[in-house]
Every structure is written in structure tokens, then in C-alpha cells.
Amino acid sequence: MLPSSLWHPPHVQSSPPSPTGEKQGFCCQSLSDHTVGTDPLAERTGQRQNRGMRTRLGCLSHKSDSYNDFTAILPDKPNRALKRLSTEEASRWADSFDVLLSHKYGLAAFRAFLKTEFSEENLEFWLACEDFKKTRSAAKLASKAQRIFEEFIDVQAPREVNIDFQTRELTRRNMQEPSLSCFDQAQGKVHSLMEKDSYPRFLRSKIYTDLLSQTQRRLS
């Protein structure tokens with residue numbers, strides 16, 4: 001072993017300075033340290049979409065509180081519809097769920113209510129099944145059935161309805177030989193769900209009570 005007076009630590013050569021004066025060497029940078037190029041047009045489009053979504057959500061929130069303006073609910077011309085809709089007719093919507101669905105304006109008001117709960121796919125599926133059962137062309141039957149299945153029934157469908165696994169699989173098997181009754185069980189399940197869950201809330205909603213008030217004020 002060398003005497004301590006003769007031992008010197010090894011010389012480590014540092015990296016030469018870069019032309020810009022910065023030291024070179026190993027350096028770890030996070031992704032946030034790098035500037036990622038963005039498309040200004042895409043950014044502005046995204047901002048507009050976000051603002052539009054917030055506006056739509058705000059409108060839905062407002063509609064769920066009060067419905068003094070029925071232009072978004074009633075089909076055709078709302079003012080004319082309110083003149084035609086009597087308090088007696090609107091009151092009968094509370095008699096049964098099927099009475100509500102069978103009335104043009106009752107159906108429109110219920111659809112508006114479901115939109116405030118983000119569950120309008122249940123009604124849209126039920127209506128699609130009602131329309132499907134009117135199909136008279138054998139050539140169109142299979143294609144219409146496939147569209148309904150892919151939109152409402154299949155797993156992760158764009159507007160997937162809430163049905164149990166057994167009903168979903170039964171409907172899937174029915175698709176092998178589509179018939180006018182291939183959606184009957186699924187439609188019945190969704191009808192029952194709306195009747196027991198959404199319908200009672202609709203009758204207590206401001207949408208319905210405000211509509212009743214409007215028809216009553218018209219008579220006074």
C-alpha cells in the first residue's frame with residue numbers, strides 16, 4: 001500500500017462544454033419538460049366542443065328543475081300543443097304507464113324527462129322495438145334486427161340498455177333466425193324497468209307538474 005502522502009485520487013475528466021455553454025452529460029427529463037406541438041385548430045375545436053357540452057349539461061340541469069318553457073318538450077308547435085292538451089288528458093298520464101306512452105305529448109314529455117336522467121336509451125329501444133314489429137318486408141327484417149341489437153343490446157353497444165345476462169344471450173340466439181318477436185323479452189324487461197323506476201319519478205318531476213300547471217292556468 002502506498003503511503004498516504006503519495007496517493008492521489010484518479011482524475012475524472014469532465015465533459016467538454018457544449019457550444020452553448022451548457023454542460024453535457026447524463027440528464028433525465030420528464031415529459032412535462034418537453035414542449036409538445038399542438039394543432040391550434042384542433043385545440044380551438046376541442047374548446048368549442050367542451051363549451052358546447054357544458055351548455056348542453058347546463059340546459060338539462062335547468063330543465064330538470066323547471067319547465068315553464070315547453071318548446072324543448074312538445075313536438076310540432078308547442079303553443080298549439082298546449083292549447084290542444086287539456087288538464088284532463090295530462091292528468092290521465094298518471095293512470096298508467098301505458099296510457100302515458102300511448103299519448104303523443106305524454107311520450108314527448110317522458111322522453112324529455114329521461115334525457116335529464118341520461119337514460120333515454122331505454123325509451124328509444126322500446127320505440128325501436130315497436131317500429132320493428134311493424135316490419136312487413138322479410139328482406140328488411142334481418143338488417144333492422146341487427147341494427148337494433150348492435151345499438152342497444154350487444155355488450156358495450158353505443159346505447160346499451162340495462163338487461164340481465166340471460167335476456168341478452170337469449171336475444172343473441174334469436175338473432176340467428178330473426179323474427180318479429182325476437183326482441184320481445186328484452187323489450188318487456190326494459191318496459192318493466194321504466195314502469196317501476198323512471199315512471200314514478202316522472203310523475204313527481206317538475207316537468208310533469210309544471211305541464212299540469214300550464215294547462216290549468218290556461219283554463220283559469
Evaluate the ring planes of Tyr208 and Phe202, with Trp represented by its six-membered ring, and classify them as parallel (under 30°), tilted (30 to 60°) or perpendicular (over 60°).
tilted

Evaluate Asp154 against Arg172 for salt bridge (charged side-chain N to carboxylate O under 4.0 Å, His left out), listing each step before the verdict.
CA-CA 8 Å; Asp154 206 2; Arg172 190 188 303 277; 3.4 Å; yes

Trp126 vs His191 aromatic rings, parallel, tilted or perpendicular, using cut-offs 30° and 60°?
tilted

Residue of the set Lys189, Met194, Lys196 for which side-chain contact (heavy atoms from CB on, under 4.5 Å) holds with Ser192
Lys196

Can we say Asp131 and Lys144 salt-bridge, meaning some charged N sits less than 4.0 Å from an Asp/Glu carboxylate O?
yes

Looking at side-chain heavy atoms only, is the closest gap between Leu101 and Leu127 below 4.5 Å?
no

Counting C-beta onward and ignoring hydrogens, is there a side-chain heavy-atom pair between Phe132 and Phe183 closer than 4.5 Å?
yes

State whether the side chain of Glu89 and the backbone N or O of Ser86 hold a donor-acceptor pair below 3.5 Å, judged by distance alone.
yes

Arg92: partners by side chain to side chain donor-acceptor pair (under 3.5 Å), with sequence neighbours left out:
Glu88

Note, Asp184 side chain near Lys133 side chain (heavy atom, < 4.5 Å):
yes

Determine which pairs satisfy ring pair (Phe, Tyr, Trp, His ring centres under 6.0 Å) with at least one residue from residues 141-179, sequence neighbours left out, and list them in order.
Phe125-Phe152

Any side-chain donor near an acceptor of the partner, Gln146 and Glu150, under 3.5 Å
yes

Before accepting this row, confirm whether a basic side-chain N of the pair Lys115/Glu124 lies closer than 4.0 Å to the acidic partner's carboxylate O.
no

Check for a donor-acceptor pair, side chain of Thr167 on one end and backbone N or O of Ile163 on the other, with a separation under 3.5 Å.
no

Can you find a side-chain donor-acceptor pair between Gln185 and Gln166 that sits under 3.5 Å?
no

Is the backbone N or O of Glu120 less than 3.5 Å from a side-chain atom of Arg111, with the two atoms forming a donor-acceptor pair by type?
no

